[in-house]
2 protein chains.
Amino acid sequence: MQEKLSEIQFSSLFKGAKIGIEKESQRVNLDGELAKTAHPNIFGNRTFHPTIQTDFSETQVEIITPVTTSAEEVMSYLAGLHEVVRRSLPEGEMLWPLSMPPVLPQDEKDIQIAKLDNPKDVAYREHLAKVYGKRKQMVSGIHYNFEFDPILVKRLFADQSEISDYREFRTELYLKVARNYLRYRWLITYLMGAAPQSERGYFSDCGKNAPDMPVRSIRNSNFGYTNDESVFVSYRSIKDYAESIQRLVANGAISEEKEFYSAVRLRGGKTVAEIAEKGVGYIEIRNIDNNPFAPYGITEEQVELLHYFLMYMLWLDNEDCDADELLHKGEALNNQVALENPLTQTSQKAEGLELLAGWLGMAKAIGANETVLTAIEKYQSLMAKPEETLAGQMLTHYNSGLTQCDMAVELGNTYQAQAWEKSYQLAGFDDMELSTQMMIFDSFQKGINVEILDRRDQFLKLSYQDHIEYVKNANMTSLDNYVVPLMMENKTVTKKVLAEAGFSVPGGKEYGDVESANADYGYFVDRGIVVKPKSTNYGLGISIFKDGASEAAYQEAVELAFREDSDILVEDFIEGTEYRFFVIDGQTEAITLRIPANVKGDGTATIRELVAEKNKNPLRGQQYRAPLQKIQTGDLEALMLKEQGYDFDTVLAQDEIVYLRENSNVSTGGDSIDLTEEMPQCYKDIAAQAVVALGAEVSGIDLIIPDINVPADKNDYQAYGIIEANFNPAMHMHAFPFEGPGERLSTIVLDLLFPELKK
Amino acid sequence: MQEKLSEIQFSSLFKGAKIGIEKESQRVNLDGELAKTAHPNIFGNRTFHPTIQTDFSETQVEIITPVTTSAEEVMSYLAGLHEVVRRSLPEGEMLWPLSMPPVLPQDEKDIQIAKLDNPKDVAYREHLAKVYGKRKQMVSGIHYNFEFDPILVKRLFADQSEISDYREFRTELYLKVARNYLRYRWLITYLMGAAPQSERGYFSDCGKNAPDMPVRSIRNSNFGYTNDESVFVSYRSIKDYAESIQRLVANGAISEEKEFYSAVRLRGGKTVAEIAEKGVGYIEIRNIDNNPFAPYGITEEQVELLHYFLMYMLWLDNEDCDADELLHKGEALNNQVALENPLTQTSQKAEGLELLAGWLGMAKAIGANETVLTAIEKYQSLMAKPEETLAGQMLTHYNSGLTQCDMAVELGNTYQAQAWEKSYQLAGFDDMELSTQMMIFDSFQKGINVEILDRRDQFLKLSYQDHIEYVKNANMTSLDNYVVPLMMENKTVTKKVLAEAGFSVPGGKEYGDVESANADYGYFVDRGIVVKPKSTNYGLGISIFKDGASEAAYQEAVELAFREDSDILVEDFIEGTEYRFFVIDGQTEAITLRIPANVKGDGTATIRELVAEKNKNPLRGQQYRAPLQKIQTGDLEALMLKEQGYDFDTVLAQDEIVYLRENSNVSTGGDSIDLTEEMPQCYKDIAAQAVVALGAEVSGIDLIIPDINVPADKNDYQAYGIIEANFNPAMHMHAFPFEGPGERLSTIVLDLLFPELKK
């Protein structure tokens, strides 16, 4: 097997995997006391929520990632889902970062079983409470679902002749991994165990039957979340596995198949009988403690190394001794290591070093990357440094009189605060566009499945049960039809359609050559005009004549515009302020006014200082990674100041406002002002009607309005002018404005896409 | 007025206009005999057809252009509509090219009044038949609707103070034009009169009361289509105009307002009362004879000069004499000129020359272009050359014993044949994409209004009554939703969606850098692969390894692909033939196979001769203006022949096929084969289901199939592979294939867009 897996046609595939993670944590208040509130309402009906659930108790949040194909990808979902949960918690709550529960109520009755719709689910939990006690059920942890690349398994199957049935071959492969894992999992307990102490209330009998603490992992010891010792399940064959579980259920040792708490579960069917019939599809590793030092309970390095450890379990030559004995031995070793003092050397150091050497050897043989090799080498060094294992760190990290509880409260608070630090972003997806991050956030919250079809292209597949929707850039959806954005893309067509529908658009003409543009001077002689390239490009080639142009000036402007484009527009100039109206489903949902980069004096600070101060706003970032951009202090800004007789060292008078840019783009440091509340309804209606006239469902439409306090209707051609409609309008600008409450548009779009989710 | 109109702020606008044309012609058989068939069924219900109608008789086709803004544009519609009519006529019919009708039946009963739905419309025609006789009603002609640029009228209004009401000002302006036109229209009769003789049956009394023929225009004389002499309508004021018409109706001189047959009608309301109230909006010039030498009954030069003549009617200083006397004088002069022998000098030559000099002066004063100036100068010369007027040409053109009827038959046949010469094009719109031309053709035929929103962008506004649809490139419509084409644009997303829906797509991966692509060699080691840039670009950077690649070859291919794009794909190679399936509304409607440019030998001709022969196919054109492209004989073709041991002078054996290109693109001379009939239903179903899975309504999807004779379903991964789905698939390739019947897809799309039109 080892030789085979080292060959190129297998080794590439061997490194591939499908990984999915489930992670539980207790909800607590900011002092670390178990929450008394219900699971947040905002997640909707728990029965159908695919990613955010409750496990045993109402306070035990379970986060479930989709199946991913890399450690990086699974961490991305784990991060995003955590951030959604943290931002959805009632104020004053956070997630308890430990596997071991926080202080538990004196009376077990005060532990609230999860309030689920399905009576069977509640009954099962009540059964668990009776058999194991509610306290043990309050332990949290991580389940790690793992599948080898199916093509690897197929190739390995094709490359042998001992087993003629593919499903049987695959089953044997996973059985081998499972057995080896059960045998050697003590090493994971040593390296990643993170449950050294319990809090008050975990041991119901005042700790009489508790182990001597600290240990490496209470959770992974027989004091943790385990079946009765009499519960033994064989992994010798899939038949034995299925039969032993079925027997345990039949004789009442466990109430349901899922009550079998093994460190490894075989998966691939709803019942063990189904798994036995269809073959094992993947395995579930269940002995991973929450890592308190990782904001999401596990690090990417851990995920990657668990993957490589499972690969190593396949790589290892087949065990000599009896399969069941092997399990008993593994069980005993694990319990022994779990109950060792975390700061002492482990009794199994020799075997550990041997395993690690083999593991590293495998990694090298198959060409693992440097990160993996370094990580395994680090783990090698941990065999001699127990204080650097997770449990060891938990004890040493807080050694100045702080309790484990103090540490958990501090870490929990830190992570909770971090989740709000850049509230316009979504951790794990912060390389994507802000509007798309908002859409993913909302989808996670509402229980809509999110698959990233193309990350750089902002292409999402959203699904809720059988209903699939594709979304690009958060606003390109099935709600709009194909021809509408094409219409908006063509400014001449947009204007024609709006004009024919009776809206006020700047009059004007399009020209393909200088001669015909010049010949038409007479059309524009008596009014304010704008001469511009048909495709606007950073304002280049645009000439504005507010009071009309002389023929010479007109011709010069035409010349200038043609330098930028092969087609130009000459349009009526409309005096007024430009507002962006965001219209969804025939309603104006947000209005933003953009103001050029500016600072306001206080009588003492220089412009440079005022800029620096204004740039401290956490909404201001760089390179479009934030809803507002930092004000620059470059040549353009210096020039603009100079024209006003200022420089960066000028001290501005109290309340004096100075602009550092001519253009109002947010991308050059401009301010966005949410005017949704302030804008009179008549203009909201005009904008909404114009978008409806264009046949669009979602659009950002730009109106120039001389005075919003003058009431108007669509026929008042002097009262407003529609400049353009945008087929890819950003949403984040409206959600996170410089001033004003902000409007979350992504939620409205999601509600339209998935009306079945709207209550 | 003249000085004012010469100023720049007026002169530009003065040259603008809105023009719409109505043109009648009789349907005849190819021998020039009045058709006995009904108006073609294919035009649907006449009651709602906006552009193709019947006038008095069932054989009298009336073509109505929309309102346009230039001579060029109106000619474009006139040409397109004529071509639609001609191609929709029953075989063996054509349009009679003269204003004067063809030989009419001996018995007036054999002239069939138009079979209209509305009994009132039929009753009106029966009334006309009774009062004027059916024969006179069979005369055809052109009505020319004209409006000045409304902005010009507004500016002229703003620039004066005599009239304080805008509508009154506008009305007076058009009244002046109308009066002057009625006074001077004899000049138009002289220049454009084209009805020198009648055919048998026009004069019912065996010609006893006929004039001495030839004349310039029977139609424009009192032998034409005129009211009784007693019918006089004043143009002195709008009040007088309305009252005189109302009086005529009241006393029964005419049955309805529209029975008033003036050379100029004032327009702008449904009744004269409404026009009087709302003011005159535009005028209708009704005295233009069909020009037999113009395939569409009038030339662009005529349209332009009529426009300039109407401008001149405004330009001319106000008449001194009484408005009604002026009309009587104009009427008499026109009748006199209309009845002159076309080959003689006109009695009104002196006034004509004076008018033409003033007209030319105006054109120069306002900066008319050379074409206009030259045309007016040509008209000046016609005053001395009556044989070159239209009527003059009709007599001289056919002076070798041919009758006017012979000439009409010959011209009618010529135009009818021309309409079919390039049946894949639509005259007047042949600068647009072929698929869009097909869509316009079908729309005209079905009675859907067509507005060209952006000609170069292939953007159409189609409307039928209140129902508007926007169409771009003939296949981008409201039928599809916004996100579907974006999905198809991204090949990785398309493949993911299709694969998740269970279709066979080439497996593979996308890479953003050389290292990760090379690291994955193991994935592809054992199978045929294609390494290619993500955005395919004329086949550059593509490497195909039908039987798998060595690691070195793989790495070289990766390197090569990255030279063309920042992202590359490595995909499974699928062996087979590529077919384009065109799917609409869940049905495969057309399948085309493309074969590289090739010729087939006959044992005597050289390859060069065979290419020349094959290129004679009228479907082959150049620069995408035809459904097939001419086979080139350039360097690439020479090289391809050389590799086969041939050159252009090689004589091919009987039935030997030689390919001149490697690629099968139609754009490089390839053949398209319509296989819609031959393709087994199972593959049609797979293609249709795949398009449905993508959520698309209209799409061209490319399948590679090793053997179409092997039945398959969507799960047979070996039987087919989907290469890509196209969001802008050409339709003309399917409509006009090199081989096979061809499928007209534009009609199916139109039926989906306007289901109300489907019978």
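Hydrogens, waters and symmetry mates are skipped; everything else that's a heavy atom, side chains included, is used. Naming: A, B, ... by sequence-line order, numbering from 1 per chain.
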- Message: If I compare all heavy atoms of Ala519(A) with all of Ser12(B), which pair ends up nearest, and what's the gap?
- Response: O-OG, 3.2 Å
- Message: So if I take each residue of residues 566-573 of chain A and look for any heavy atom under 4.5 Å from a heavy atom in chain B, which residues do I end up with?
- Response: Asp567(A)
- Report, as yes or no, whether the 6.0 Å neighbourhood of atom CD on Glu72(B) holds more than 12 heavy atoms from other residues, nucleotides or ligands. no
- Near Lys154(A) NZ, under 6.0 Å, is it more than 12 heavy atoms from other residues, nucleotides or ligands? no
- Contacting region of Phe14(B) [heavy-atom separation from chain A under 4.5 Å]: neither
- Relative to chain A, which segment of Asp457(B) carries a heavy atom at a distance below 4.5 Å: side chain, backbone, both, or neither? side chain
- Note on the structure: With chain A, the option among Asp520(B), Val471(B), Leu486(B), Leu13(B) that has the most non-hydrogen atom pairs under 4.5 Å is Leu486(B)
- Message: Given heavy-atom pairs under 4.5 angstrom as the criterion, report whether the side chain, backbone, both or neither of Ser478(B) touches chain A.
- Response: both
- Query: Which bit of Glu697(B) comes within less than 4.5 Å of chain A, counting heavy atoms only: side chain, backbone, both or neither?
  - Reply: neither
- Of the backbone (N, CA, C, O) and the side chain (C-beta and beyond), which part of Glu551(B) lies under 4.5 Å from a heavy atom of chain A, both, or neither? side chain
- Item | Cationic N near anionic O, under 4.0 Å, Lys491(A) to Asp454(B) | no
- Message: Tell me whether Arg456(B) at atom CZ has more than 12 heavy atoms from other residues, nucleotides or ligands lying less than 6.0 Å away.
- Response: no
- Item | Pairs of heavy atoms under 4.5 Å with chain B: top-ranked of Ile151(A), Val525(A), Ile8(A) | Ile8(A)
- Item | Region of Leu460(A) that comes under 4.5 Å of a non-hydrogen atom in chain B | neither
- Is Asp149(A) paired with Lys509(B) through a side-chain N to carboxylate O contact shorter than 4.0 Å? no
- Other residues, nucleotides, ligands: >12 heavy atoms within 6.0 Å of Gln718(B) CD: no
- Kindly say whether Gly522(A) contributes a backbone atom to a donor-acceptor pair with the side chain of Ser11(B) at under 3.5 angstrom? no
- Quick one: pull up NZ in Lys461(B) and CE in Met487(A) and give me the separation to the nearest 0.5 Å. 9.5 Å
- Query: Is Glu500(B) close to Ile468(A) at the side-chain level, that is, under 4.5 Å between some pair of heavy atoms?
  - Reply: no
- Under 4.5 Å from any heavy atom of chain A - which part of Val484(B): neither
- Query: When you look at NZ of Lys4(B), are more than 12 heavy atoms from neighbouring residues, nucleotides or ligands closer to it than 6.0 Å?
  - Reply: yes
- Applying a strict 4.5 Å limit to non-hydrogen atoms, the region of Ile452(B) in contact with chain A is backbone
- Task: Quick one: which of Lys15(A), Glu7(A), Lys496(A), Glu469(A) has the most heavy-atom pairs under 4.5 Å with chain B, could you say?
- Result: Lys496(A)
- Query: Could you state the interatomic distance from CD (Gln9(B)) to CZ (Phe524(A)), rounded to the nearest 0.5 Å?
  - Reply: 14.5 Å
- Given Val497(B), Thr492(B), Val483(B), the one that forms side chain to side chain contact (heavy atoms under 4.5 Å, CB included) with Phe459(A): Val483(B)
- Message: Less than 4.5 Å to any heavy atom of chain A: does that hold for the side chain of Asn369(B), its backbone, both, or neither?
- Response: neither
- Task: For residues Leu479(A) and Tyr482(B), determine if any side-chain heavy atom of one lies less than 4.5 Å from a side-chain heavy atom of the other.
- Result: no
- Task: Let me know if Phe10(A) has heavy atoms under 4.5 Å from chain B in its side chain, its backbone, both or neither.
- Result: neither
- Go through Tyr521(A), Tyr470(A), Phe727(A) and name the one with the most non-hydrogen pairs under 4.5 angstrom from chain B. Tyr470(A)
- Query: What residue in Asn490(A), Asn473(A), Leu152(A) has the most heavy-atom pairs under 4.5 Å with chain B?
  - Reply: Asn490(A)
